[in-house]
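Reading through the structure tokens given below for one structure.
Chain identifiers are assigned alphabetically (A, B, ...) following the order of the sequence lines, protein sequences preceding nucleic acid strands; residue numbering begins at 1 within each chain.
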Number of protein chains: 2
Amino acid sequence: MTTDRTDAAAVAEATTPESGIADPIPEATLARLPIYMRGLLEVAGDGVTTVSSRRLADLSGVNAAKVRKDLSYVGTRGTRGVGYEVDRLIREIGMVLSGEVTPVVIIGVGNLGRALSRYDGFVAGGFPVLALVDADSSMVGRRIAGVIVSHVDDLGKVVAETGCLLGIVATPAHAAQVAVDGLIAAGIRSILNFAPAVVSVPAEVELRKVDLATELQILGYHEHRREAANPQQVA
Amino acid sequence: MTTDRTDAAAVAEATTPESGIADPIPEATLARLPIYMRGLLEVAGDGVTTVSSRRLADLSGVNAAKVRKDLSYVGTRGTRGVGYEVDRLIREIGMVLSGEVTPVVIIGVGNLGRALSRYDGFVAGGFPVLALVDADSSMVGRRIAGVIVSHVDDLGKVVAETGCLLGIVATPAHAAQVAVDGLIAAGIRSILNFAPAVVSVPAEVELRKVDLATELQILGYHEHRREAANPQQVA
DNA sequence: AAGCGATTGTGCACGCATTCACATGCATGG
DNA sequence: CCATGCATGTGAATGCGTGCACAATCGCTT
């Protein structure tokens, strides 16, 4: 797989046939694939074998054309006049988004960290939480969701042992940057940050952010906006 | 992502003078305002009285031009050659995003719901969790983060009593639609959904979504991509 | 009083994402 | 074996968000 490491490699993988690396799936599409997957698994459970883009769109709450364009990126082709084969779609999408099980480490076992470590959706989605670390020594040794909490100083060791590839930061804001640096030092290059803080990472590290307070604030904005517009109406 | 904005109304109120309702702040800008706010509060704590767009940009991890354009939406004007007045910016941004305290109700007190109800960031951001409900009778009556859990059947009553304007759905996927319908029936028109399910709401209801599993899947995709490209290198 | 350095405010162009609209092509029925 | 209907795949138009680049403008210094 890919022995030519020239700068032309990037160009070459545009429409690589089957040489290994291939697709540059748009971020927006990527974010919808898991949604499609859920819908597909649902109809598959009902014994349905084919779906139209229209049907899948309804299940996912999006536009039918968008579904088709999205699916065109994953490579699967549907059958005109019929639709897409459910089983195959599930297989192909599943292959695109981390086909196998990808273990996760969580830094910070406060309220949020504990909840995340017990969140069923992660393991169900193929992301078992295999490691927990915290800076608080009184937490170390505790067992949460079947996993023993280690000290953050042992992060490198724990990550190496469990083979975690993804890191979740669930620390207070002031500890976020340190936590991220630690993850990177431990070899993690994909990080999901729940701490309400701006952290900086080297370019080769993928950092995504979930900001709970911000979500509420955006909702609050719209809510106040509506209140200002309408007089009032207690349901 | 998430959030469907039908700008039918937004167009009409384009540049209302001061008739009450006014600004149509872009969604992207809105999402950054809380970040700016954090940076501003930080420098304000250090006694700084003015910031340049450059400085604020560095603190927020964004582009300076973006900061200026964003701030132009909130109305505040800076002083050329000097920068923006910190105190005023804090006040103005604070006014834009739900100037006052906005109470929140959480449906579902499983792992996630409990964690959210104890999350300090909410109350710190002006979103105290004043009500908790669950469908499980064994949960009803329990006290979590100082709030007694009520039964979901009493949702309307609880919402009315506490004056909650925002709803958070933290139920399992299969209960999400019912939960959302309940919130709407109770008069809530701004909802944050953590359940991994597609739910439908009437047009006048604002629905945002936080999909934890999807976030990991996107990270997983990029991680696998990198692995496929590079040979391997255990730090 | 006037110039100078600094920083804002914004016009413009580019790129990504969404959506429409339609030709292409497959499967089924007569 | 051909016609017909239905759903795919995609070209093209539109809109939003981003970031550059620069003129306008302010405070400060001389």
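Contact check, B:Ser53 against C:dT7: no side-chain N or O comes under 4.0 Å of OP1 or OP2. Look at B:Tyr84 and you'll find a side-chain N or O under 4.0 angstrom from OP1 or OP2 of C:dG9. The side chain of A:Asn63 contributes an N or O atom lying less than 4.0 Å from OP1 or OP2 of C:dC20.
Distance from the side chain of B:Ala28 is smallest for D:dG17 among the nucleotides D:dG17, D:dA12, C:dT10. Among the nucleotides C:dC20, C:dT18, D:dG17, the one closest to any side-chain atom of B:Glu27 is D:dG17.
Between the side chain of B:Lys69 and the base of D:dG19 there is at least one donor-acceptor pair of N/O atoms closer than 3.5 Å.
With values rounded to the nearest 0.5 angstrom, B:Leu56 atom CG is found 9.0 Å from B:Tyr84 atom OH.
Residues satisfying the side-chain hydrogen bond (donor to acceptor under 3.5 Å, both in side chains) test with B:Ser52, not counting sequence neighbours, are none.
When the local axes at the two ends of the helix from C:dA1-D:dT30 to C:dG30-D:dC1 are compared, using 5 base pairs at each end, they differ in direction by 10° after rounding to 10°.
Contacts of B:Arg55 with the nucleic acid, taken as non-hydrogen atoms under 4.0 Å apart, are absent.
Other residues, nucleotides and ligands contribute more than 12 heavy atoms inside 6.0 Å of the CZ atom of B:Arg32.
A salt bridge links A:Arg208 to A:Glu27: one of the charged nitrogens lies within less than 4.0 Å of a carboxylate oxygen.
A donor-acceptor pair is defined here as one N or O able to donate and one able to accept, closer than 3.5 Å; no such pair exists between the side chain of A:Asp46 and the backbone of A:Val48.
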Under a 4.0 Å heavy-atom criterion, the protein footprint on nucleotides 21-27 of chain D, written with B, S and -, is B--BBBS
Tell me, with the steps shown, if A:Leu116 and A:Phe194 meet side chain to side chain contact (heavy atoms under 4.5 Å, CB included). CA-CA 10 Å; A:Leu116 293 176; A:Phe194 282 88; 3.7 Å; yes
